[in-house]
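Chain naming here is simple, since letters A, B, ... match the order of the sequence lines and numbering starts at 1 in each. What you see is a predicted model, and the numbers here were worked out from it, not measured in a lab.
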Amino acid sequence: MMSCELEDMHAMNALRCGSQRSGLGVNGYASACNDCTYSRATPTSSSSDRAAATAEGPVFDTCDILFESLSAERRARICAAYSASTCCTSSRSRALRGRASPARGARPIARAAIDPISPFDTRRLNVVASHSGASSMRVFVDGVPVYFPYEYMYPEQYAYMCELKRALDARGHCVLEMPTGTGKTVTLLSFICSYQLIRPEVSKLIYCTRTVGEMDKVLHELERVLQYRNDALQRENSAAGSSALVSDHGVNRKLLAVGLTTRRNLCLHESVVSAESREEADSICRSMTASWVRAQHASESAPAASHAPGSGSAMEIDTQASEAPENPALCKYYENFEAKGRETIMPSGVYTMDRLMAFGREHQWCPYFTARHAINVANVVVYNYQYLLDPKVAGLISKDLARESVVVFDEAHNIDNVCIEALSVNIKQDTLNRCLGNLSTLTNKIRETRETNAGRLQEEYERLVASFSAQNLLPASVAQNQLTDALLASPVLPHDLPEQESVPGSLRKAEHFVMYLRRIVDHLRRKMQAQSVTQESARLFTHQVAGSLLTDVKTLRCCSERLKSLLFTLEVTDMAEYSPLNCVADFATLLGAYGNTRSFGVIFEPYDERLPSIPDPILQLACLDSTLAMQPVFERFQTVVLTSGTLSPLDMYSRILGFQPVVSRSFTMSLARKCIAPMIVSRGSDQQPISSKYELRNDAAVIRNYGSLVIELAAVVPDGMVVFFVSYIYMEMVIQAWSETGVLQRIAELKLVFIETPDTIEASLALDNFRRAVDQGRGAVFFSVARGKVAEGIDFDQHYGRCVVMIGVPFQYTESRTLRARLEYMREVNHIRENDYLSFDAMRQASQCVGRVIRSKADYGIMVLADKRYVRADKKNKLPPWILGCMEDKLLDLDTEMCVTGAKQFLKEMAQPLSQQAQIGTALLTEAAIAAGAHMNGTAARGAMLSAPAANMSMGLL
Amino acid sequence: MGSKEYAWEANFERSWDKIQEDPQTGRLSASEGIAQQLARKRRRDSLRETLRGKVRRGMMRFMVLALDFSRSMNLTDMRPSRAEVVVGAAQLFVREFYDQNPISQLIIIATRNGVATVLSPLGSNPVAHIKALSDSLAVGTFGEASLQNLLVQGLAILDALPLYASREILVVFGSIATCDPGDVHATIGELREKKITVSIVCVAGAEVYVLKSASHETGGKHFVPMNEEHLHLHMQMFLQPPQVRADTLAPSLIRMGFPVLRTITSDLPPKKCLNDLIERRVGYECPRCSAWLSDVPIECVLCGLTLLSSPHLARSYHHLFPVPRFTEKSVSGAAEADQQRACSACLRSLAAGGESVAAECPRCSEEFCIECDSFIHESLHNCPGCENGGIFMYE
């Protein structure tokens, strides 16, 4: 009875089980093979299959346990068999699943899946649930068939899709908060991709991430989503002959997804790859691909480049496109792209960074420009926030995207700051000094050009005279066709520039314009000689500038465009060199454009507040209004989704970004066991309040109490531990005090100590060694800073972070003038009180910090918020609901001992093995359970969770 | 968090209430309440259930019991201290180990102050092991613990032993960190290659990554006991031989000797036992080389033959055919019929204490009290009902 096949399948299950135990799996996995002897209690296995399985129970029992003792070659064989069998398995079972659509037969299927089952079957389910693999489900979310590439879905994912659907249907914006580790990305991607199928008018998904790493992760996830979706569609198509769904929108199945990042990451050319900085890489690239450079070389070797641009159908691409002249001064990859790529369309698929590079290598095309070109036709675009929010970049890259796009901002909790940074300009002493250098080189260049090629300057002059709009001063051919010149667009948002406006006469001549810039620079230099802090409104400052320069606002506004035109005319390739001058021109343009509004403030500080002895004058044109950069995005695209693990309180975002979301919801994490232990420690072991508040900051008792908290936690928490401080200065002060009082030595006895520094290389080295120490079982503690690099982007999942301690409340530096100005603006315009905003901002940072510790549901961790101010309702209630929900009242106002006792208890409980069975129904939903839930509620569960009876029912049956 | 999180929130423990006088004999005994016994039975059963199955189990085992005697064992979260509790549990374990695995051997090593030492050499004398444990505890617990040193030591010992036996390391670790001279994961990899199983009971009250990965990588088990009783329960799990790893040698015949106990008559001088060099008149003679040895089971010092007696083999047998899990049945003191029901082992009335629970053997349908259930499963390993009724146990 125990055929080899059976045994092997079992071994596989155990193998899957193993991978889950190691914490790899997030979602469940199952597949049922309907034609081999083996079968499991999956939603699709028929009752006769199940009966057979039950009869075979004892045998399975045996071989299940036998598995681990299989020899190595046997395992290898099993693995091979596994990969082979999945194909056969999945195609058949999915076909079956496709036919028995939940709408028709929801109940019976549900019962088949969750009938009371024999012990053997129960164990099968465990195994099934415990694996993440290439299996999947198709569920109906409010009528939309969603292809979800995992066998199990978390209840919150289902709810998330329901809300997303509402927002998409209403063509409105939404704010959705869902805890980290619950699969936001896959939920978003699989829903939107499925939604596109039935609403083809939603042509494009624009997914904005903060970092390149995140971008690549999204693309990999998307690859998986689409693979399943396309497989499923194909099967449905073949199974149901020609299903209306597929044949109508068959085109949509060919889906192109690209990610865009900087040239430095997406270049094949050796000299660019080896560049040290992004700016340098851009410059090198530009020096090889700028239109005039190419034009020059083209004229030199005109006969050689006689090939016509690529012809033929889109799909026919020559793999060996080496006809382009091999000119060392030009980039052959770009030349090839220029010759062939522009007219061809990339084959559909998901282009992750690696795949894009491989594609580029194969065709000898420049991956960067291929991607740039492709984003206009792609169905899914993944790139950085900046490409959409910063008008300088957005004007260049994102201006042709269709209105019917869905824009997603992932990790959007800091989006207001990104908006503000995109429109702010900081000028330092050094910037101005380098500007002077720029100006003299420019003067020389102009003189040279006058002597050698006066016609070009004349041509420019005539163009400027003729132009009706100051928005684009470049020749039409360039604007249309030139990706490479890549002179940045105007720093001002397009709709803030008047349509019809010609360049003022005083700027038309190159020499005059340089003179004008010199006057601005001089004025700024004079301004920066002041010894005292000044803060004035942009309006006042603009009029001062206009008065002292004897110019008007309009002239100022044209600076940036005029400079662009000049640099183009002078054929400057090294843009990095002229960045200071660009900065000043942007400053002037922004002043000119927004000088009459209240959205900007001009702040001058002769030295850093925190280091008054070092003169470091800085002039800031600070954007105070975060709606400014965001508004056009909201207006332009029909649906904008803001999502993150920490967005509480949700209404704050709609206020500071100035939009009205149609859906704003926060989801909690459904857990079979409570895997986070948030605690608020308000008192030290001597019952004195602890706080990082300014008055208590230097108090030795407070620092000592913080020290003993860290020592005692380090003694009970295994492996990795992270301690966040409110700022570098505070961290330095505390660590110094600890080192003097011997606290640091005592921590070092228990765990190795690593400290984050502002230096990136040092910090990543420390992080690397931290991970090594944790892996080796030595245990380590990482001292880090809220708002630092680590707090925002580094995960301390699994054993790397079993406990995180947030020392103090990470308020922003409230003495900062910029912050003050912004607070004032918000109070007057948005009606947000200073305190509300400050504590909102502090709490989102704090929850980001403590959220580092948990990255999936299999993970667990302790979150200690150590400050008495966290107890207050105005702070505490700003924590995301998924953290608040786990915070019992008795964990609110603890002293050190109680915190340590709680931590011990929690760690002990978490170390007990977790039965996967317990999760199904509460934390994991099967396809059938969802169908049953939707069936019960009539329309799909409108509320966030599956309604309680539905969840209970599936629980009970299980 | 549990409801009894703090000491002051827990119910006051009235230890004197546990002492009960037997109505018939008048003897005092500190018996557990029926509820506790039942809870214990359930826990045991469920734990056994996870280990159960028709699998091949090797009867010959070589086990390294590795203990942590580092500073962290001074902590008093188990009273009087972690070290004392662990040593107590280890002593109990050693005794039961030899009782249930008579043809297996044990060696005890310990880590303290960053190094690992052998406390008691490989042998089949539980008394020596138990004494060595007490002696080592008296030396004290200090310094850091080193998992790698323990594993390297265990590897060196077990690597020399034959492959036909199961070779295990059972680590009882009390620290949340390990202070190692090198890469502990390399050692773990080596252990995996050598097919040595590492199981870990971590009494530090938290899951430690290296410990978990060591047991996971080598196919062992990993437990984090919640309290002392839990610790004993988990230690008991290791009394049962592990399943045979299919990647070890195929089953083969092993040569063994069955010496007869001999007494030297008083007219002859006593002979010196080769294993401990003490002169004795009563001893065993190796059937192959006629070496004079004090005790079995033992490996002959001279010719290396495994010597044992047939009851030893028989005693190891029960692991392969465990007594089935008894099903629980409620007994109410009120019903007339229930009054008559008595435990078929100790013959006491099942309904004596009012509401109660009986355990029924699924094979012979005899009812037993919970106390006898524990005795049958933990010590006797035979169901009296089945034996009595002639139901062959090994059907």
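Of residues 168-177 of chain B, those residues lying under 4.5 Å from chain A by any heavy-atom pair are B:I176, B:A177.
For A:Q912, the part lying near chain B is the side chain, with the backbone staying farther off; criterion is any non-hydrogen pair under 4.5 Å. For a residue to count as touching a neighbouring chain, one of its non-hydrogen atoms must lie under 4.5 Å from one of that chain's; by this rule A:R802 touches chain B with the side chain only. Only the side chain of B:E144 comes within less than 4.5 Å of a heavy atom in chain A; its backbone stays farther off.
Looking at residues two or more places apart in sequence or on another chain, you find a side chain to side chain contact (heavy atoms under 4.5 Å, CB included) between A:Q687 and A:R683, A:D895. Every residue meeting the side chain to side chain contact (heavy atoms under 4.5 Å, CB included) condition with B:D77, not counting sequence neighbours, appears here in chain and number order: B:L75, B:R82.
What you find for A:R852 and A:D795 is that their closest heavy atoms are NH1-OD1, 3.1 Å.
The only option from B:R192, B:K212, B:K195 that meets the salt bridge (charged side-chain N to carboxylate O under 4.0 Å, His left out) definition with B:E217 turns out to be B:R192.
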Please table the atom pairs, donor to acceptor, closer than 3.5 Å between any side-chain atom in residues 708-722 of chain A and protein atoms at least two apart or in another chain.
residue	atom	partner	partner atom	Å
A:S708	OG	A:N705	O	3.0
A:D719	OD2	B:Y209	N	2.7

Next item on the list: Go through the steps for B:N74 and B:S81 under the test side chain to side chain donor-acceptor pair (under 3.5 Å), then give the verdict.
Entry: CA-CA 6 Å; B:N74 291 330; B:S81 75; 5.9 Å; no
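Between chain B and the options A:Q776, A:K904, A:K751, A:R778, heavy-atom pairs under 4.5 Å are most frequent for A:Q776.
Atom CG of A:L907 sits about 8.0 Å away from atom SG of A:C803, to the nearest 0.5 Å.
Using a 4.5 Å heavy-atom cutoff, the side chains of A:M679 and A:F906 are not in contact.
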